[in-house]
Amino acid sequence: MDTGQDVVYTADRWACGKHTRRGGQKMLTVTPTDKTLGATIDGLDLSQPVSDADFRDLMIALGQYGVLRFPGQALESQDLKAFSERFGDIQGSISKRKSPSECPGVGILSNVVENGAYIGAPDAGQDWHTDMSYRDEMGFVNVLYGIQIPRRDGRVLGGTEFSNMHQAYDELPTELKTRLQDATAVHDFEKFWEHMRQNHGSSRPALTDEQRRLRPPVNHPLFLTHPITGKKVLYANPGYVTRINGIPESESDEILAFLFDYQLQDRFRYLYTWTEGDVLVWDLFGTLHRAIADYRPDEYRLMKRCQVMATKIFDPSYRKSVALEPAFV
Ligand code: SIN
């Protein structure tokens, strides 16, 4: 019987190290990396429904380690979608160029070409950003399934790199934390889109007026309280943030230039190397990420992705159902 029902977990429930859940029952194992982010979850087949108790443990591990790897999965798109929807609603795309997917909500990221066209988005996320920070309804998690991973001379290519925004906030100069404690920043979808076109040779067309209308710039606090850990994170990313509100433009530019450098320092970073069959779930509040484009057009990479919005994680009844502390929101 599931006895996890009344347990309220906190971020400190698990100390670093390997741990398993509930003696005597089928075990989910969480093995943290020795890096600033990342843990491997063993003992779950994501093609099957995840029990409420296991899901609660995943949620706590997500807050604590930011990036969770589920190795050895064999999933249909519907399985990936069903698992992703446990975290929240999936965002649709406004891009006409997106891949034809057999399953709405499941995107394809790939440089594979069939019948003269990419089967998915070939250059998604290839610089530092936070998915969906450009929306009023922010992103909560990304769920990425690695199906084909490029290799050259035995070396795995096409990794995904992360940066830890809990740690970045913690180590910010106190003076800046105090000065900007109530600040908000503008996030603009078009910034990353144009950056990819102008600096990364992306073949994506300029946004249409209609696409711009669907993704207007939005404001979010610069420092957010994380919905799982209850701790502050630095919620700014070079991909989408254009301006800190309420201060002169020159000052905003100066602080943003500082923050964008600061938040990508080596000590905050974690490079993830893929194996086929991995599912990766990462926390979009507590991390930034980028896809590493170090492979050639003839070295194929194929991933399926669900981008999950924060539609549920702030909802009190959902929080109760995953045994999260109500006081954080
Ligand atoms: C993304 O930015 O969501 C894609 C990351 C990746 O393909 O590694």
Side-chain angles (χ1 to χ4, degrees), residues 37-38 62 66-71 73 75 77 80-81 83-84 87-88 90-95 97-99 101 105-112 118-135 138-151 155-165 187 189 191-193 195-197 199-200 202 204 215 237-241 263-264 269-297 299-310:
L37 291 164
L62 183 66
V67 181
L68 303 182
R69 164 185 178 242
F70 301 77
Q73 303 293 326
L75 303 183
S77 291
L80 189 66
K81 184 175 179 180
F83 173 61
S84 302
F87 294 92
I90 296 176
Q91 95 153 339
S93 171
I94 58 158
S95 169
R97 159 189 191 272
K98 87 176 166 89
S99 52
S101 170
V106 179
I108 298 177
L109 311 186
S110 187
N111 60 345
V112 173
Y118 289 116
I119 64 166
D123 59 7
Q126 292 181 351
D127 211 335
W128 290 100
H129 67 289
T130 300
D131 289 45
M132 295 170 279
S133 78
Y134 50 79
R135 296 193 61 160
M138 291 172 281
F140 173 35
V141 296
N142 257 6
V143 183
L144 199 60
Y145 178 35
I147 297 168
Q148 192 172 357
I149 309 300
R151 285 185 177 70
R155 196 163 60 89
V156 181
L157 305 171
T160 308
E161 191 171 20
F162 299 89
S163 193
N164 184 339
M165 292 304 107
H187 298 239
F189 180 73
K191 181 183 180 189
F192 190 79
W193 193 271
H195 172 70
M196 289 303 295
R197 278 165 43 79
N199 305 310
H200 290 270
S202 175
R204 57 181 81 186
R215 291 280 186 268
N237 68 85
Y240 295 114
V241 171
Q263 67 187 171
L264 296 175
R269 277 154 78 156
Y270 166 58
L271 174 61
Y272 183 71
T273 304
W274 286 87
T275 300
E276 289 82 357
D278 286 349
V279 168
L280 210 61
V281 177
W282 67 90
D283 162 23
L284 292 167
F285 290 112
T287 67
L288 306 187
H289 66 279
R290 65 169 173 169
I292 307 285
D294 56 358
Y295 49 95
R296 294 189 306 254
E299 295 170 323
Y300 295 121
R301 186 177 192 261
L302 171 58
M303 325 290 275
K304 288 189 179 177
R305 179 179 70 174
C306 292
Q307 296 175 291
V308 182
M309 298 183 288

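Read the numbers this way: they start at 1 and go in the same order the structure lists the ligands and their atoms. Fair warning: this is a prediction, and the values are worked out from it, not measured in the lab.
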Minimum-distance protein heavy atom relative to atom 3 (O) of ligand 1: R305 NH1, 2.7 Å
What atoms of ligand 1 come within less than 4.0 Å of a heavy atom belonging to L109? 4 (C), 7 (O)
Within 4.0 Å of some non-hydrogen atom of L144, the atoms of ligand 1 are 5 (C), 6 (C), 7 (O), 8 (O)
Using a 4.0 Å cutoff against the non-hydrogen atoms of H129, which atoms of ligand 1 qualify? 2 (O)
According to the interplanar angle, ranging from 0 to 90°, do the rings of W282 and F162 count as parallel (below 30°), tilted (30 to 60°) or perpendicular (above 60°)? perpendicular
Heavy-atom closest contact (Q91 atom, M132 atom, distance): NE2-CG, 3.3 Å
OG1 of T287 to CE of M165: how many Å apart, nearest 0.5 Å? 8.0 Å
Using a 3.5 Å cut-off on N or O atoms only, is N142 in polar contact with ligand 1? yes
Closest non-hydrogen protein atom to atom 8 (O) of ligand 1, residue and atom name please, with distance? T160 OG1, 2.5 Å
Relative to the heavy atoms of H289, which atoms of ligand 1 are at a distance of less than 4.0 Å? 1 (C), 2 (O), 3 (O)
G105 to I90 - nearest heavy-atom pair and separation: O-CG2, 3.2 Å
Which atoms of ligand 1 have any heavy atom of A291 under 4.0 Å away? 5 (C), 6 (C), 7 (O), 8 (O)
Protein contact to atom 7 (O) of ligand 1 [nearest heavy atom, distance to 0.1 Å]: R301 NH1, 2.9 Å
How long is the span from the CG atom in D131 to the CZ atom in R305, to the nearest 0.5 Å? 5.5 Å
Would you compute the distance between atom CD1 of I292 and atom OH of Y272 and round it to the nearest 0.5 angstrom? 14.0 Å
Any atoms of ligand 1 less than 4.0 Å from a non-hydrogen atom of G125? List them with their elements. 2 (O)
Are the aromatic rings of F70 and F83 close, with centres under 6.0 Å apart? yes
